Amino acid sequence: MTNHSNNPQVAGKTSVKTYREAINDALRQEMRRDPTVIVMGEEVSGGAGAPGQDDAYGGVFGVTKGLQPEFGRERVIDTPISESAIIGAAAGAANNGLRPVAELMFFDFIGVCFDQIFNQAAKFRYMFGGKSKTPMVIRGTVGGGWRAGAQHSSMLHSVVTHMPGLKVVMPSNAYDAKGLMVQAIRDDDPVIFLEHKIMYDTKCEVPDELYCIPFGEAAFPRQGTDVTIVAISNMVPRAIQAADILAKEGISCDVIDPRTVSPLDDEAILESIEVTGRLVVVDEGNPRCGLASDIAGIVAEKGFYSLRAPIRTVTAPHTPVPFAPELEDAYIPSTEKIIAAVRDVMGA
Amino acid sequence: MTNHSNNPQVAGKTSVKTYREAINDALRQEMRRDPTVIVMGEEVSGGAGAPGQDDAYGGVFGVTKGLQPEFGRERVIDTPISESAIIGAAAGAANNGLRPVAELMFFDFIGVCFDQIFNQAAKFRYMFGGKSKTPMVIRGTVGGGWRAGAQHSSMLHSVVTHMPGLKVVMPSNAYDAKGLMVQAIRDDDPVIFLEHKIMYDTKCEVPDELYCIPFGEAAFPRQGTDVTIVAISNMVPRAIQAADILAKEGISCDVIDPRTVSPLDDEAILESIEVTGRLVVVDEGNPRCGLASDIAGIVAEKGFYSLRAPIRTVTAPHTPVPFAPELEDAYIPSTEKIIAAVRDVMGA
Amino acid sequence: MPYQTEFLLRAYRTMKTIREFEERCVKEFEGGNIPGFTHVSNGQEAVAVAACIDLSDKDIIGSTHRGHGHCIAKGCDVGGMMKEIMGRATGLCKGKGGSMHIADIDKGMLGANAIVGGGPPLCNGAALAAKTLGTKNIALSFGGDGSANQGTVLEAMNMAVVLKLPHIFIYENNGYGEGTAANYALGCESLTERNAGFGMPAECVDGLDFFATYEAIKTAIERARNGGGPTSIEAMCVRFDGHFIGDPQLYRGKDEIKLARQQQDCLKKFRERVIAEGWLQESVMNEIDETTAVAIEQAVADALAAPHPDPATDLLADVYCSY
Amino acid sequence: MPYQTEFLLRAYRTMKTIREFEERCVKEFEGGNIPGFTHVSNGQEAVAVAACIDLSDKDIIGSTHRGHGHCIAKGCDVGGMMKEIMGRATGLCKGKGGSMHIADIDKGMLGANAIVGGGPPLCNGAALAAKTLGTKNIALSFGGDGSANQGTVLEAMNMAVVLKLPHIFIYENNGYGEGTAANYALGCESLTERNAGFGMPAECVDGLDFFATYEAIKTAIERARNGGGPTSIEAMCVRFDGHFIGDPQLYRGKDEIKLARQQQDCLKKFRERVIAEGWLQESVMNEIDETTAVAIEQAVADALAAPHPDPATDLLADVYCSY
Ligand SMILES: Cc1ncc(C[n+]2csc(CCOP(=O)(O)OP(=O)(O)O)c2C)c(N)n1
Ligand SMILES: Cc1ncc(C[n+]2csc(CCOP(=O)(O)OP(=O)(O)O)c2C)c(N)n1
Ligand SMILES: [Mg+2]
Ligand SMILES: [Mg+2]
């Protein structure tokens, strides 16, 4: 699938894995390796206190399936519906010798625990003069396409990217998902790990062994010279598709997948623009103070003299996510819209 | 003070008022005019249940002082420390015939009530197919300079600007504060009204009568032809100061104060850039996915052909707000930094 | 007879409408006609109807992700609901909300809510408006056993007591929050006692018994209307289906659902009671069953024929009143 | 004698250190040497010391905006604290935190917290780590009467019960949250009963009585260390000063503060008790008073002489471990 031109060579066998399986792999292998890694959240095992089968869910998307039978309820902890208490517990535990991976079933739920994320976990190290570390991961599902409506389909990565002290990871394929999750768990800072729910069943070859993908290093799934397309998460496959279609027309696109949006590999973007002089940024999030204009702003400041055309951002509109499929499909940036934006900057 | 070139003419007497008094004026006059306007929050009166004086605080910054003695505890409601319940009550009341003005003593507290703001109040109208309205105002104090540390000094306007359904207002002087607050109360959408705590004692001539300043219309405190400086809130006086200093060197700055950042008067900015070709955006907020890059992104997309130099953003760094005065002063964009950025784009 | 015939008929018809609606939702979902994910409330009908039957359109309810029953009990049009759930332009929310966001302000239905614990703070607001404006209207929020552990709900209870708000907190304790047992997630012995600790009258009722539930809520409503402040009612009930439609429900006990459907069916209990008491005749209820089935059939047919929204006009509409 | 002399001396010295520290903070603030805004805890010393005196550096406390006393009781260096409060580079947090963010992980002090209700969820985490790692350490969070109405605190209590965490929730009920009476903001008759409703042992103690408070917390600590889960302790106490330094305190009753200082001083009560019981001699305590005054004097002098942070090197440092 994706061409990971700058990925580390991983020894050993690979196999075709879904995005879901890749994350599960990373969690399980890290939990085996490091007894301080724990997983907590609502239904991460499922069936707590219930008469039926244990590990009944393994997360509502099945990402943590099988962990509880292997590691027990002491390390795979089902919680009440109390997100502030979940995130707070993870942050407090991270300061005291554990490496918790806390799940927000839908990242839309940051609304009920945002303080513990941005005012507590994110700021500890700075407020405390560098004397604490908070090695925690918050996993959350993002994005639309699932017809889940306005309160279960948001992206919200821009909100956490805004926050100093947080790292924000947005894998676009199974290979990256595993390597980035391993890095997230081993990282000593709080990491927001955003899984796009529409990608759980996408597959690619993934090494069976453990490997890390360092933060702040973009991937280059397509290389080209006419237009730079920066896309993240679920937008990456669409950008690739657009690039492949445009290639047939003779338009050569350089597709950049930053993989982590905080830290952001702005060097990779700026280098690409030196060659292409044209930039399209694709983001499923809302436009105002969002990642697309963030990247556009960086380039307008640092890459201005390379630019030969206006920057184009392709984002969701400034609306909540609508429920009806026709509306939601129109809401989420499509391959067609990416193609149109590229043509636009080429025509310019 | 500020030159409000495009402000409505307001009949009647004016007097010198502080930013604090101007907001108090707007609240009191609107409460007299409209019995559905209520004020609620922690200490908005103060002294509830206590043996001493009533209206003991009138808000910890004294902004709501005197309202409770005039309108009573039924309309000026002291609450427990329960921000989700405060904002939720305001939103629910707004859907049922009141026009609540809810206070978050420090806007940093959105962390404990963010869901009620962005997932509830902001989304009702859209989710419900246009069949509800939520005429509420959330007042919150923002910004640094008060040596209040990392959890009481943030801006966070970019986070709410990101959210469809919210309007975001950031007055930079007493005149605007009054007119914008009146508009905010009369507005049928949820409005986030952000008061910079360092500006409460700043003064200017303010009409005694009620008047509205429409949302989405910038003010032009200085006009010029060489460089456009967009600044908001507490950064406006600094931008004006910079412009005045630079004017003596022969650099003519067009200072734009958007006053509301959602909606944003991007036309005013784009028109200015057509003339100047140069843009400096000044924002006390953090840089990533912040308002400065938002504006830079808009201009790089829609005003590209006017641009003659890289856009420069002058923001706080990607760090929490530090406590020590030397550090906080270095954190907040200074007049000197604005001047340096202007010189930079002029030299370019 | 302690109840008017009209009242009993209405109660039965409404409960039956909910049952029929929910079972049809399951079918339509499985048939691919309902997008997204959907939570049905069959088994819990008695609580919804007992809570809403005495309310006017000016009284406000706040609901949950499992909101269809509350909507129907509050008088929302089932046709408009089915269209909404199918994402049609003529749905109650123009297809923009869907199952988890049905609202109907005209009926005093302040919205389903996809955020667990989202509703109670909002209902405090509705109650505050009623109190401030002196309307004597009340607010009533629904929540599950799981929602009771959400901080927003807990602080809303305290706020309601402090401000003496006319707000009834209904907790539908169906034993589960998703696949987690209520007993696990609630650290306390008794939710009702925990809520009483907040300083409001709190009662636990058999939510399968329409009459017991109705009487308790009726008392609470009277108290609220008369300035007596909030009440907590915990109604013990049973979820006949999965957490969402399609949930394999591995966490449930062997035969748990089968037995529940046989022995813990609030509709059956209602029928048995009214027949035993001689309050209604079986034939009248059978007739209601038939007309209800027809009405839901019609709602589905209408919904399937209803127009889809048009992105060109609808996507950007109604974010703001003006912008 | 039920208490070791060394214990009593330590208790007195620590309480006196807090008192001296806080009163000096007021003076230094008024003298312009402390930037920002600062909340002092004089009057509440007995609770802080009773709660922390038996804890090791591996036990964790979480504090509040009013945290100086908790820090000192937990063993933080008063010199480092004063420097921090004055914003100096050699302060406990390099001047980056200030009064509301003092932390000292090495001493098991997980931070003051400027967000009301911020601490208890975090202390659950410290307790969870202790439980998972089997260390037998415990966590103890402080909060005010006002904080008890914050949703984060309420859900943290439930979570602690569900996961049986070794976490003691201390509520310092000083009668006010800013200028709002605790009785107004707490809808319940008794916070302790409300907390008991969550399913944990809950006790209300006289927080002016060091010994009563100590004994209650000691029992709770033992229970927590032995796997018995969380406890709630409400300690009734008095705030001698304003909410923040400079608060005009218009909301307080006539002579309320004067009388409190005369009649409700936990330090006086301690002295009276130990003298009456013959446990300590007055002269020893007078000596402690003197050495404490000297120590705080020294801390202030050192702090005033301490270097300021340098923006060039310090502003951008320590946001991340690596980025
Ligand atoms: C804040 C938040 N957390 C988690 C969820 C996911 N979720 C939806 S329903 C549910 C269970 C709710 O249980 P309960 O309150 O008992 O209601 P029931 O489903 O039993 O009707 C959960 C965890 C959510 N929607 N919102
Ligand atoms: C979330 C949040 N809301 C409000 C505040 C403002 N505030 C700071 S202290 C305080 C009162 C706290 O009262 P209490 O918990 O009783 O503690 P005390 O000050 O009496 O020690 C308030 C309202 C805050 N810091 N954080
Ligand atoms: Mg339930
Ligand atoms: Mg207090």
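Keep in mind that what you see is a predicted model, and the values were worked out from it rather than measured. Residue numbers start from 1 in every chain, and the chains themselves are labelled A, B, ... in the order their sequence lines are given, proteins ahead of strands.
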Asp108(A) to Phe118(B) - nearest heavy-atom pair and separation: O-CZ, 3.7 Å

Residue pair Gln151(B) / Met127(A): nearest heavy atoms and the distance that separates them: NE2-CE, 3.7 Å

Greatest number of heavy atom pairs closer than 4.5 Å to chain A - which of Val281(B), Leu307(B), Asn119(B):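 Of the candidates given, the most pairs with chain A belong to Asn119(B).
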
Between Ile311(B), Ile295(B), Thr313(B), the one whose heavy-atom pairs under 4.5 Å with chain A are most numerous: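 The residue among Ile311(B), Ile295(B), Thr313(B) with the greatest pair count is Ile311(B).
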
Proximal to chain A - members of [range], heavy-atom separation under 4.5 Å:
{"range": "residues 320-333 of chain B", "answer": "Pro320(B), Val321(B), Pro322(B)"}
{"range": "residues 287-294 of chain B", "answer": "Pro287(B), Arg288(B), Cys289(B), Gly290(B), Leu291(B), Ser293(B), Asp294(B)"}
{"range": "residues 153-162 of chain B", "answer": "Ser154(B), Leu156(B), Ser158(B), Val159(B), Thr161(B), His162(B)"}

Euclidean distance, Ile110(B) CD1 relative to Phe114(A) CZ, rounded to 0.5 Å: 5.5 Å

Please identify, among [options], the residue contributing the most non-hydrogen atom pairs under 4.5 Å to chain B.
{"options": "Ser262(A), Gly111(A), Pro164(A)", "answer": "Pro164(A)"}
{"options": "Ile298(A), Leu279(A), Leu264(A)", "answer": "Leu264(A)"}
{"options": "Ala296(A), Cys113(A), Ala122(A), Ala150(A)", "answer": "Ala150(A)"}

Side-chain donor-acceptor pairs of residues 81-90 of chain A under 3.5 Å, sequence neighbours excluded:
from: Ser82(A); atom 1: OG; to: Asn149(C); atom 2: O; distance (Å): 2.8
from: Glu83(A); atom 1: OE1; to: Gln150(C); atom 2: NE2; distance (Å): 3.0
from: Ser84(A); atom 1: OG; to: Val112(A); atom 2: O; distance (Å): 2.6

Atom NZ of Lys131(A): over 12 foreign heavy atoms under 6.0 Å: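 More than 12 within 6.0 Å, yes.
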
Greater than 12 external heavy atoms within 6.0 Å of Lys337(A)'s NZ: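 Atom NZ in Lys337(A) is crowded, with more than 12 foreign heavy atoms closer than 6.0 Å.
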
Region of Phe304(A) in contact with chain B, defined by heavy-atom distances below 4.5 Å: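 For Phe304(A), the contact with chain B is made by the side chain alone.
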
